[in-house]
Structure formats: structure tokens, C-alpha cells
Amino acid sequence: MTVLLDFEKPVGDLRTRLDEVERAYATEPTSDLERQRASLKADLAARTQAIYRSLTPWQTVQVARHPHRPQTLDYAIGMCTEFVEFHGDRAFGDDRAIIGGPARINGRAVMIVGQQRGRETRERLERNFGSPHPEGYRKAHRLFQMAAKFGLPVVTMMDTPGASPGLADEERGQGWALAANLATLATLPVPIVCVVVGEGNSGGALAIGVGDRFLMLEHAIFSVASPEAAASIVWKDSKHAPQAADALKLTAPDLLRLKLIDRIVPEPVGGAHGDPSGMITNLRTALSDELDQLVAVPAADLVAARYAKYRRIGAWFDQGGTPS
Amino acid sequence: MTVLLDFEKPVGDLRTRLDEVERAYATEPTSDLERQRASLKADLAARTQAIYRSLTPWQTVQVARHPHRPQTLDYAIGMCTEFVEFHGDRAFGDDRAIIGGPARINGRAVMIVGQQRGRETRERLERNFGSPHPEGYRKAHRLFQMAAKFGLPVVTMMDTPGASPGLADEERGQGWALAANLATLATLPVPIVCVVVGEGNSGGALAIGVGDRFLMLEHAIFSVASPEAAASIVWKDSKHAPQAADALKLTAPDLLRLKLIDRIVPEPVGGAHGDPSGMITNLRTALSDELDQLVAVPAADLVAARYAKYRRIGAWFDQGGTPS
Amino acid sequence: MRNLFRRALPLVSGEAAQEAAPELWVRCGRCREMLYAREWEAAHRVCAKCGFHARLTVADRVALLLDGGSWQELDGSLRATDPLGFAPPGRQSYAEKLATESRDSGQNEAAAYGRGSVDGIPVALAVLDMGYFAGTLGAVVGEKVARAFELGVAERRAVIVVSASGGARQQEGVVALLQMAKLAAAAQALAAARVPFVSVLTDPTLGGVTASFATLGDCIIAEPGAVIGFAGPRIIEQTTGEKLPPGAQTAEFQLTHGMVDLVIARRDQKAAIARVIRLLMGGTALQASAAARDHLTAATNGATTMQPVPALQGFR
Amino acid sequence: MRNLFRRALPLVSGEAAQEAAPELWVRCGRCREMLYAREWEAAHRVCAKCGFHARLTVADRVALLLDGGSWQELDGSLRATDPLGFAPPGRQSYAEKLATESRDSGQNEAAAYGRGSVDGIPVALAVLDMGYFAGTLGAVVGEKVARAFELGVAERRAVIVVSASGGARQQEGVVALLQMAKLAAAAQALAAARVPFVSVLTDPTLGGVTASFATLGDCIIAEPGAVIGFAGPRIIEQTTGEKLPPGAQTAEFQLTHGMVDLVIARRDQKAAIARVIRLLMGGTALQASAAARDHLTAATNGATTMQPVPALQGFR
Ligand SMILES: [Zn+2]
Ligand SMILES: [Zn+2]
């Protein structure tokens with residue numbers, strides 16, 4: 001079953017017509033139908049490319065949240081020749097909104113940690129729609145420390161509407177869990193590559209998103225808050241989410257331009273949801289490339305460079321003196 | 001209000017008669033009454049000393065559990081010129097069965113951690129009778145790590161019937177919390193002095209009782225299980241606790257003879273409950289002495305010696321070869 | 001965001017009360033009692049009747065915590081830029097909003113930092129200010145707090161940060177978000193240097209501040225009644241439909257849930273902070289050189305006879 | 001202690017079932033199904049009908065986990081002493097009890113350890129044995145497991161410990177209690193050497209074993225249905241008066257509560273353990289010398305194309 005986003009409607013019509021022509025051609029393979037088919041195919045590709053080249057920020061948000069978009073487990077299983085999912089924070093529970101464990105990418109053992117939103121309703125409920133509880137972040141923390149112990153590079157994949165905001169989460173110290181992860185990642189003595197594979201909002205994304213290299217898939221988003229949350233703060237009305245998406249500069253190209261991320265991983269034409277295995281290949285290639293470079297750097301240098309990288313972030317001017 | 005243990009009855013009668021003579025002497029200070037008073041006093045002291053010199057193990061258990069015996073907070077406040085109680089495990093709760101925080105003993109900054117049983121009913125309930133939950137052991141863990149960070153020697157005080165054995169404690173990983181503390185204490189790069197101040201049973205005591213020097217107050221007990229629990233395992237009946245207390249070798253003199261503890265801290269005649277401030281002075285003296293010696297040792301040597309100390313514990317013989 | 005907290009909290013801030021009767025009397029933001037302004041100020045804006053801790057300015061905090069005359073503010077001239085060019089149609093642009101906040105508050109940013117001393121102990125102090133842009137964390141606040149941590153490393157000064165914030169400043173987008181990572185890294189640098197960090201949480205401490213440096217203190221002190229959390233009360237109620245029970249997310253709630261070390265009334269904070277720093281820095285001597293040890297012993301000897309602060313256990 | 005668990009658990013152990021029909025048939029300890037003994041043994045004593053994992057001997061465990069012929073037991077001749085002179089009036093003395101246990105079980109202590117390999121990866125393996133003195137932790141068990149950890153350090157062998165124990169051995173008193181500290185220290189020595197420790201928890205794992213080395217594994221694997229906890233079910237019910245709900249303290253309960261990494265059926269355990277060790281030792285190469293890296297790469301290359309073990313997520 002295909003899910004069509006609003007702005008994909010023109011492509012949807014084309015695809016329907018192409019399907020009809022394909023069926024007709026199967027029954028009666030005329031040269032006219034063959035020409036029509038070729039022309040429709042070319043048209044479809046061109047239109048798709050055109051649409052995805054000029055997505056608005058709000059349209060990008062829709063793509064980043066597409067129900068058929070590959071998720072962390074798809075990448076962990078698709079990219080890796082070995083993967084063992086480890087469970088639990090050893091103190092309270094096993095949060096299924098965060099998954100992780102040791103894995104092997106292109107022959108190299110790594111530690112994978114990422115949010116998992118789930119796909120059908122039941123899985124989405126079990127995984128709290130990818131909004132982790134404190135015990136999820138504490139599981140991640142345990143895995144980060146295990147990676148450091150065994151010298152495993154860390155690969156994190158962000159895909160979350162944000163950390164879970166329930167009263168129970170507050171009771172178990174959501175803010176404390178997030179902060180502990182930021183602190184631990186800041187000085188973890190192994191290479192860390194972070195990728196936003198879908199939606200990466202707020203401290204809930206950042207708590208597994210501090211490292212040496214920060215990547216975004218082409219149509220992923222990364223933001224201080226979800227557009228809806230930002231709209232209800234700035235406009236006092238979450239209906240202004242599209243305007244907020246515009247203003248927040250949450251797309252990969254905008255963030256690369258602002259030098260707030262390091263690299264964009266290209267998506268197949270029409271987005272990752274149209275070609276998951278193509279996307280998995282693209283991500284594996286990008287990660288292998290990044291890891292190849294990082295493993296050559298001594299751990300102390302990595303950590304020092306990581307500090308310098310985050311320390312630099314933020315522009316201000318000094319009214320009384322020299323601008324920074 | 002005086003609490004008299006069974007075997008203290010003879011002393012109790014003497015004390016009553018002495019009180020009567022004191023009152024009579026106050027009204028009519030005759031030389032006869034003065035002689036009686038002196039004789040009773042001497043008799044009382046001699047009898048008390050005789051009783052406490054030859055306590056049976058089961059009587060020692062009663063003394064160790066005496067409701068008026070000083071507890072960890074009494075020592076923390078009484079021995080230290082400064083003490084700040086820190087709260088919470090930063091993840092789930094603040095367990096009042098374990099208290100701890102930085103303090104100053106004889107001018108030296110240390111970290112104090114100990115079980116606290118409580119005295120009146122309400123406090124005992126709030127403190128779960130000194131049986132810590134997992135979050136209590138995790139608070140202790142946090143304080144141990146803080147001590148390592150700031151180079152504070154650690155002083156722990158054991159006084160617990162054992163770790164709390166409820167289903168909720170199992171759900172939050174009681175065994176995991178205990179094990180984590182044993183592991184952390186084994187390699188903590190600061191001096192650690194442990195003292196059993198009352199009852200020290202099972203893994204629940206040991207989880208704050210691994211260190212460079214292990215002390216017991218003269219009438220404290222230290223055991224693999226409470227006598228009642230051991231009796232219900234060995235006799236299938238907790239009523240045999242007195243026999244179990246005998247068999248378990250849980251008194252300070254027995255354990256010193258077995259070379260399983262390092263030092264006995266003398267109690268005032270008649271036990272710590274008769275003279276808390278005398279007991280506090282004795283413990284401060286012993287701790288200062290131990291700390292003076294340990295702070296002179298480099299951290300790496302301390303940890304190596306600690307490993308060797310525990311590694312040696314346990315006797316076996318090698319049927320196929322040489323006895324150990 | 002500022003209005004958000006005015007609405008979200010059942011308390012009217014002390015400043016608002018003062019406006020109503022500026023000369024002699026103020027009305028308590030919680031119990032509505034009329035209080036004699038001079039006494040109320042002398043009590044550090046704590047209600048004599050109900051104990052309500054009204055919000056303080058940066059200057060008030062400095063007066064409360066530091067030794068008189070020891071405060072030396074640093075880099076007070078840092079000003080925000082507009083990294084995203086945040087100018088959504090129909091709303092105030094970030095640039096305009098900054099101007100409005102400055103005009104309304106008389107401040108120029110939501111944090112100040114500098115050197116000072118507490119009971120003679122040298123410290124670096126940073127204070128966040130709810131009075132400017134709801135204390136939101138943007139690049140300037142991030143830079144000042146980061147410099148406070150680095151000052152702590154460079155001069156081996158204990159660091160005290162007093163937080164009061166609605167969270168990350170939306171108008172700076174990912175730049176604001178990444179201040180969280182920058183500040184956690186800076187706090188780690190202080191930790192690696194084994195210099196104590198005392199974090200003081202005041203009303204309210206929320207969002208990106210809670211989820212980064214504010215909860216990384218070696219010792220976390222909370223002010224009575226302060227609302228402290230990651231998701232604020234309004235967000236929780238909107239997102240989950242849960243109605244929060246009374247007392248949820250207060251300082252006392254966080255103490256019960258194991259998240260803070262101490263809940264301490266204003267009048268006792270300075271003594272408690274001094275004692276904590278003295279004890280934690282006293283231990284460092286053990287690992288340091290003999291010279292450093294002598295120095296530290298000298299610095300701490302003066303106060304070894306202080307009695308325990310009675311309020312330390314008073315908030316259970 | 002052994003009888004204690006017989007009574008506490010609703011399951012009859014596999015050995016007991018086998019005694020009832022020693023030749024051809026055994027009865028499942030959970031579902032009471034009659035099973036053909038040869039098939040049941042070939043399935044590592046897992047019931048074909050209900051999946052019940054009956055208890056295994058040390059030899060069974062070795063056959064299940066290690067490569068054929070690779071097992072080399074060490075220090076099998078260690079024997080317990082009686083450190084306390086434990087001889088309470090009216091009960092069997094410890095010395096007598098040891099003799100009884102040896103006679104009944106045909107074993108001489110509750111643990112064995114040695115060298116072996118898993119999928120060609122060199123390991124140190126220790127196995128605790130419920131069949132002798134309820135797998136209780138005394139000086140000999142403690143010594144053997146400690147030596148397994150030290151073998152791991154000395155030869156950089158991953159360490160696997162299969163636990164099955166009623167807890168500390170009361171008859172050795174504080175000597176038994178302190179084995180917990182000794183083993184936690186030994187596990188820490190392995191951790192400091194950055195050599196992986198895989199802990200396998202089987203039915204039952206309780207008391208001093210749970211509260212020391214068994215829960216310190218880098219990866220903790222539990223056998224389906226195994227009862228795992230600190231306080232055993234009988235102690236909880238006696239002490240608190242709580243009646244335990246069905247499934248409390250099982251492997252699956254511990255997975256839900258975040259305490260174990262994996263619940264894996266017997267037939268999949270060897271492959272999973274090999275994979276975990278390969279991955280964790282693969283990382284060490286990064287930090288090690290070039291020579292060590294080449295060595296490790298060579299050792300792990302053979303299996304990079306293995307597919308994920310399907311059972312790994314099967315027990316939610
Ligand atoms: Zn009031
Ligand atoms: Zn069956």
C-alpha cells in the first residue's frame with residue numbers, strides 16, 4: 001500500500017497512469033504503448049526529482065515522518081553483517097523506543113544506538129512512538145560506556161519526536177538522564193558518528209546526538225523543538241507549524257549552510273521511503289567513509305577536537321570589545 | 001527510659017537499689033548510706049563488666065540490635081565537625097535507609113556512607129528498618145564515585161538486617177545494585193574504612209563494606225545472613241536463631257581470630273547504648289588512626305593491596321596437589 | 001516564553017507584587033499577605049508568613065550568595081546575534097524581540113557570570129535571569145556559562161551556577177539546542193579537573209537547562225517550591241492530557257524522587273554552599289602536591305568548627 | 001538449601017524426572033508430557049512440547065557451549081575446608097554435609113572451570129552446579145570462578161560463567177559472604193583488562209551469586225523460564241507476606257525490567273555468545289597494537305557474513 005503525501009499527488013496520478021499502461025502493455029504489447037510507457041517513466045522520474053529538489057521545510061517534515069521511511073532497526077539489520085540487540089538499563093526497565101547493541105559494518109565492529117518509532121500501531125505503542133523514557137537514555141548510556149570499554153566506534157541514529165514528556169518520565173529524571181548522556185558523549189574516548197535518519201527534535205534527539213561527525217539524511221530534520229511545539233511557543237498555536245518549520249532552519253541543506261552539521265547523506269530520488277535498500281546502501285557508504293577517517297585519530301585527539309567543535313558553536317558580538 | 005536486655009536483669013536490680021540509696025542519701029547523708037552507695041557502684045561496674053565480657057553470640061546479637069545503640073547519623077553528627085547529608089540516586093528516589101555525604105573528621109574531609117535504622121516507630125518505617133532499597137545502594141554508589149573524584153577517603157558504617165527483600169526491590173534490580181557497589185568499591189582509588197556499628201548482615205551490609213580496613217565495634221555482629229535467616233535455612237526453623245548465632249561465628253572476637261576483620265573498636269563498659277558519647281569518641285579515635293595510615297599510601301598501591309586482601313579470602317585444599 | 005511561565009505557574013512573581021505597591025508594601029505571590037517591603041527585601045524576598053520564595057534578579061543573587069564587594073562581572077558586554085535570521089511573517093522578529101526584552105527588563109541578556117568569593121572561598125558564579133527572555137538558553141547565555149566553567153578550570157575555582165530558565169531559546173534554533181552539548185562538555189571539563197560544581201535550581205528550571213548543565217552538579221541545591229523538570233507543567237498537560245497532581249515537579253518532589261541533594265531556604269544557602277565546597281575541595285588536597293595541600297588546608301581551617309546547617313534535613 | 005529450592009519452585013528438575021523412567025522415557029518437569037529420552041537429551045533437555053529448560057550438569061553445559069574436545073578442566077581437585085568448624089548441635093556438621101553431597105551427586109564441588117573454545121574463539125568457562133549443595137557459593141566455588149576471571153586476564157580469553165545457585169553457603173559464614181567481594185574484584189580485574197565477560201543465568205540464580213559476579217557481565221544472557229533474583233521467592237513471601245504474581249523473577253521478567261540483555265533458548269546460546277564475544281573483542285583491536293589488531297582481525301574474519309540470530313528478539 002502506497003502512502004502519498006499531499007505534494008506527491010501529481011506524481012501519484014502519473015504513477016496510476018503508468019500502472020494502467022503497464023497492464024495494457026502486458027496484455028497487448030504495442031509499440032504505441034511502449035512509447036507511452038517510456039514517456040510516462042521519464043516524466044515520473046523528472047517530476048519526482050523536481051518535487052524533491054524543491055521541498056519546502058514543512059514538506060521535508062512530512063517526508064522525514066513518512067510511515068514507510070526506513071528506521072533504525074532497518075539500518076541496523078540492513079547495513080550490518082552482525083548485530084545483537086542488547087536490552088535494559090540494569091536499573092528500571094527496557095525501553096523499546098531506543099535500541100542498540102554491538103554490530104559490524106563493512107567488517108568493523110561498532111556500537112549502534114538509535115531511536116525506533118515502530119511501524120504498525122501495536123509496535124508504535126510499544127515503542128511510545130519513538131519518544132524514549134529515561135530508562136531508554138540510560139540504556140544508551142550503558143551502551144556508550146561499553147563501547148568505550150571495548151574501543152568500539154559509536155554510530156547513533158536519531159529518529160524521535162522528542163523525549164517522552166509524561167509525569168512518570170519526570171519522576172524518573174528525564175532531564176537528568178538526558179544531561180548525563182550529553183556529558184558522557186562529550187568525553188567518550190572512541191569515534192562517534194551521529195546521523196539523523198528521520199526526525200531529530202530537541203534534547204531527546206541530542207542526548208544520543210553528540211559526537212565527532214554529525215550527518216543528516218537529505219530529507220531528515222533536526223530542530224530545537226518540533227515545529228508544532230515551536231509554533232505553540234512563538235505563535236501560541238501549534239497550527240502555525242509550517243511557518244515554524246520555515247523559520248527554524250531545520251532542513252539538512254539549511255543546517256549545512258549554517259555549519260551546524262557536517263554532511264548530508266543523499267536519499268534516492270523520491271526519498272528514502274521509495275527505495276529503502278538504496279538508502280541503506282547510501283548510509284552504509286557514508287558511515288564507512290566517516291569511520292575510516294575517525295579510527296585513524298588517537299582517542300585523546302578525537303575528544304579534544306570534539307570539545308573544540310562544540311565549544312565554537314554560537315555567535316555573539318561583544319558590545320564593549322571585539323566581535324567574536 | 002531504660003531498655004533492659006534479659007541478661008542485664010541482675011544489673012537492673014542493682015541499678016534500682018543504687019537509685020534508692022542515692023535518693024535516701026540526698027535526704028539524709030549518713031556515712032552508712034555513703035558506704036552502701038560506694039559498694040553498690042563498685043558492684044554494678046564489676047557485674048556489668050563481667051556480663052559484657054562473656055556475652056554469648058546470641059546475647060551479642062541483642063546488644064548489636066539494642067534500640068538505644070548509636071546509629072550512623074549519631075556518629076556522623078557526633079564525630080564530625082562538618083557534615084552535609086546528600087540525597088538521592090539521581091534516577092529513582094531517595095532511600096532514607098542509607099545516608100551519606102561529605103564530612104570532616106579530625107580536620108580531614110571524608111565521604112561518609114551508612115545504613116540508618118531509625119529509632120521511633122515513624123522514623124523506623126520511613127527508613128524501612130535500615131533495609132535499603134536498590135536506590136539506596138545507588139545513592140551510595142554515586143557518593144563513592146564522588147569521593148573518588150575529589151580524593152575523599154570513604155568511611156562506611158554498616159547497620160542493617162539486610163537488603164530489602166520485596167518484589168519492588170527485585171523489580172528495580174536489588175542484586176544488580178549490590179553487585180555494582182562491590183565492583184566499584186573493589187577499585188575505588190581512595191582509602192576506604194568500613195565499620196560494622198550494629199548488625200551487618202549479608203550482601204546488604206557488604207555492598208557498603210568492601211575496603212582497605214574492616215572494623216567492628218566490640219559488640220557488633222557481621223554475618224552471611226541474619227541468625228534467623230540462617231536458622232531457617234539450616235534448621236528449617238528461624239526459632240533456632242540462637243544456635244545459628246553460635247555456629248555462624250558472627251562476633252567481632254571470633255571474626256578477628258579467623259582473620260576476617262582487621263580491628264575491634266572497644267565499646268564503653270556496658271555497651272555503646274549505655275554511653276553513646278564514649279562510643280563516638282572511641283570510633284573517632286579508631287577511624288582517625290586508620291585514615292592517618294591509609295592516606296599516606298598511593299592510590300594504586302591501595303587498590304592493589306585491596307585486591308590481594310580479598311583475593312586471599314577462603315581456605316581450601318587441593319586433593320590432587322598441595323594444600324593452599 | 002516568559003508569558004508562558006507566568007500563566008503556567010500559580011504564583012505571581014515578586015516583581016509583579018512590588019509594582020502594585022511600590023513604596024512600602026508588597027503582596028506575597030502565593031498567600032497574598034501584605035508584607036512590609038523593606039523587611040521582605042531584607043529576607044531576600046521570602047514571605048515571612050508562608051515562606052514563598054519570590055524571583056530574584058542577578059544582583060539579588062550576588063548579594064545573597066557572595067561576600068560583599070567580591071563580585072567582579074566578566075564579559076557583560078556580550079550581545080546576541082540572529083543566527084537563523086528568525087523573522088516569521090506576522091510575528092516579532094528575533095531582533096525586535098531582543099530589543100523589547102532589553103527595554104522591558106533593563107537587562108541585556110539572560111545570564112551574567114564572574115568571579116567572587118563565598119565565605120572567603122574563591123568561586124566562579126553564573127546566574128540565569130528569568131527577567132530577560134524567560135531565562136532562555138541561547139548563544140550568549142551558553143557562552144557565559146561555558147566561560148564560567150572554563151574559569152573554574154583555569155583558576156581552580158569552584159563553580160556555582162544559579163539556574164532559572166524556560167529552556168532553549170527557540171529563536172536561535174539548533175544553535176540554542178547545541179548550547180546544551182557545549183555546556184555539558186564544559187561541565188565535563190570542570191569535572192575532569194576535579195573542581196566542584198554546585199548547581200542551584202530556582203523557580204523555574206526547565207527544558208534544555210535541566211537537560212544539560214543544571215543537573216550535572218556534584219551537589220544540586222533546589223530552592224523551596226521551585227518548579228524543576230524537563231517538560232514543563234503545561235507541556236505535560238497538553239501532550240499527555242494528564243492533570244498534574246499538586247506539588248508535582250517542585251523542589252520537594254525532586255528531593256523525594258532522588259534528583260536533588262538538598263532543598264535549602266535562601267537564608268541558609270550561602271553557608272551550605274560554602275560548607276559543600278570546602279569539604280569537596282578539602283579532599284582534592286589528598287591527590288594534589290604537598291604545596292597544594294598546605295594551601296588548601298590553610299584555606300579550610302578557619303571553619304572546621306561550624307555546626308551542621310539545621311535546615312539541611314528540614315524539607316522532607 | 002537444595003531442598004529449599006525444590007520446594008520453592010513449581011518445577012521438578014529434569015534429573016528427578018529422569019529417575020522415574022531412566023531407560024527410555026522422561027516426564028517433563030513442567031507440562032508432565034512423556035518425552036523420548038534420547039530426543040530430549042539431544043535437545044539439551046528442553047521439552048519439545050512446552051519448551052521447559054530442565055537443569056543441566058556441568059558436562060551438559062560444556063557440551064552445549066564449547067567446541068567438541070576443546071574443554072580442559074583446571075583445578076578440579078580443589079576441596080572445601082570447614083573454616084568455622086560448623087557443627088551445630090542436632091544438625092549435620094558441615095564436614096558431614098559435604099560428604100553427603102558428594103555421595104549423592106557424584107560431584108565434589110558446586111563449580112568447575114577451565115579452558116575451551118566457542119566457534120574457535122578461546123574462552124575461559126566456569127559453570128556452577130545446582131546438583132551439588134544447591135550450587136552454593138563457598139570458598140572453592142569462589143576460588144574457581146576467581147581463577148576463571150584471572151585466566152581471562154592472563155590469556156586475554158573472554159570469560160563465560162554459567163550460574164545456577166541458591167546463594168552463599170551458610171556453613172562457611174563470613175568466608176562465603178566475602179567470596180562475593182573477591183569475585184566482584186576479580187570481575188573488575190577482567191573489566192580493567194577490557195576482556196569481555198558473558199554471564200549466563202540459569203535456573204535458579206539467587207542471593208550472593210546474583211549480588212556479585214553474575215550481574216556484572218558485559219552481556220547477560222538468561223535461560224527461558226529461569227528464576228533469577230536476589231531474594232528468592234520463598235524469602236520474599238516469608239518476609240513481606242506478599243504473594244508473588246505468576247512469572248515474577250523469571251528470565252522474561254528480568255528482561256522487561258531491564259536487567260538482562262537477552263533471553264535465549266539453549267540451542268541458540270552458543271551462536272549468540274560467539275557473536276557477542278567476536279563483536280566486543282573486535283572493538284578492542286582499535287585500541288590495541290597493530291600486531292594485536294591483525295591477530296584479532298584474522299580471528300574474527302571467518303564469520304562476518306553470519307546472519308542475525310533470529311531468536312535474539314524472540315522473548316518479549
Ligand atoms: Zn506568602
Ligand atoms: Zn514440557
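Reminder, nothing fancy here: chain letters follow the sequence lines and each chain counts from 1. Heavy-atom basis, side chains included; hydrogens, waters and symmetry copies ignored.
- Contact tally against chain B (heavy-atom pairs below 4.5 Å) for D:Ala186, D:Gly85, D:Gly138: the top residue is D:Ala186.
- When side chains are defined from C-beta on, D:Val174 does not count as touching B:Lys249, because their heavy atoms never get closer than 4.5 Å.
- Distance check: B:Ser232 OG to D:Gln170 CD gives 8.5 Å after rounding to the nearest 0.5 Å.
- When B:Pro165, B:Gly204, B:Ala186 are compared by the number of non-hydrogen pairs under 4.5 Å with chain D, B:Pro165 comes out ahead.
- Nearest heavy-atom pair across B:Leu182 and D:Ala184 is CB-CB, 3.5 Å.
- Two residues are said to be in side-chain contact when any heavy atoms from C-beta on lie closer than 4.5 Å; D:Thr240 and B:Leu167 fail this criterion.
- Contacts of D:Phe253 with chain B are made by side-chain atoms alone, with heavy-atom separations under 4.5 Å and no backbone atom involved.
- Between chain B and the residues D:Glu150, D:Glu242, D:Glu109, the most heavy-atom pairs under 4.5 angstrom are made by D:Glu150.
- A donor-acceptor contact shorter than 3.5 Å is absent between the side chain of B:Gln319 and the backbone of D:Leu78.
- Between chain B and the options D:Ala185, D:Ala139, D:Ala187, the largest number of non-hydrogen pairs under 4.5 Å is found for D:Ala185.
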Open item on the list: The test is salt bridge (charged side-chain N to carboxylate O under 4.0 Å, His left out); show your working for B:Arg312 and D:Glu143 and say whether it passes.
Closed with: CA-CA 9 Å; B:Arg312 267 194 304 270; D:Glu143 188 62 25; over 6 Å; no
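- With a threshold of 4.5 angstrom between heavy atoms, D:Leu183 does not approach chain B through any atom at all.
- For chain B, the nearby part of D:Ala80 is the backbone; its heavy atoms alone come within less than 4.5 Å.
- The residue among B:Leu258, B:Ile261, B:Leu260 with the most heavy atom pairs within less than 4.5 Å of chain D is B:Leu260.
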Between side-chain atoms of residues 170-179 of chain B and protein atoms elsewhere (two or more places apart, or another chain), which donor-acceptor pairs fall under 3.5 Å?
| unit_1 | atom_1 | unit_2 | atom_2 | d |
| --- | --- | --- | --- | --- |
| B:Glu170 | OE1 | D:Phe230 | N | 2.9 |
| B:Glu170 | OE1 | D:Gln249 | NE2 | 2.9 |
| B:Glu170 | OE2 | D:Phe230 | N | 3.4 |
| B:Glu170 | OE2 | D:Ala231 | N | 2.9 |
| B:Arg172 | NE | B:Glu135 | OE1 | 3.0 |
| B:Arg172 | NH2 | B:Glu135 | OE1 | 3.2 |
| B:Arg172 | NH2 | B:Glu135 | OE2 | 2.8 |
| B:Gln174 | NE2 | B:Pro132 | O | 3.1 |
| B:Gln174 | NE2 | B:Ser164 | O | 3.0 |
| B:Trp176 | NE1 | D:Met259 | O | 2.9 |

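- In this structure, no portion of D:Glu237 lies under 4.5 Å from any heavy atom of chain B.
- Considering only heavy atoms from C-beta on, B:Leu206 comes within 4.5 Å of D:Leu178 through its side chain.
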- [ ] Mind running side-chain contact (heavy atoms from CB on, under 4.5 Å) on B:Val234 and D:Gln171 for me, showing each step along the way?
- [x] CA-CA 8 Å; B:Val234 177; D:Gln171 290 81 351; 4.2 Å; yes
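- Neither the backbone nor the side chain of D:Ala191 comes within contact range of chain B; no heavy atoms are under 4.5 Å apart.
- Between chain B and the residues D:Asn108, D:Thr210, D:Ile235, D:Leu84, the most heavy-atom pairs under 4.5 angstrom are made by D:Leu84.
- The shortest side-chain heavy-atom distance between B:Trp235 and D:Pro88 falls under the 4.5 Å cut-off.
- Contact count versus chain B (heavy atoms, under 4.5 Å) is highest, among D:Lys182, D:Glu172, D:Arg79, for D:Arg79.
- The contact between D:Ser212 and chain B is made by backbone and side chain atoms together, counting heavy-atom distances below 4.5 Å.
- Only the side chain of B:Tyr307 comes within contact range of chain D, judged by heavy atoms closer than 4.5 Å.
- Side-chain N or O atoms of D:Ser77 include none that pairs as donor or acceptor with a backbone N or O of B:Asp318 at under 3.5 Å.
- The candidate with the highest count of non-hydrogen atom pairs below 4.5 Å against chain B, out of D:Thr239, D:Leu216, D:Val140, is D:Leu216.
- Put simply, CE on D:Met180 and CD1 on B:Ile313 are 13.0 Å apart, with the number rounded to the nearest 0.5 Å.
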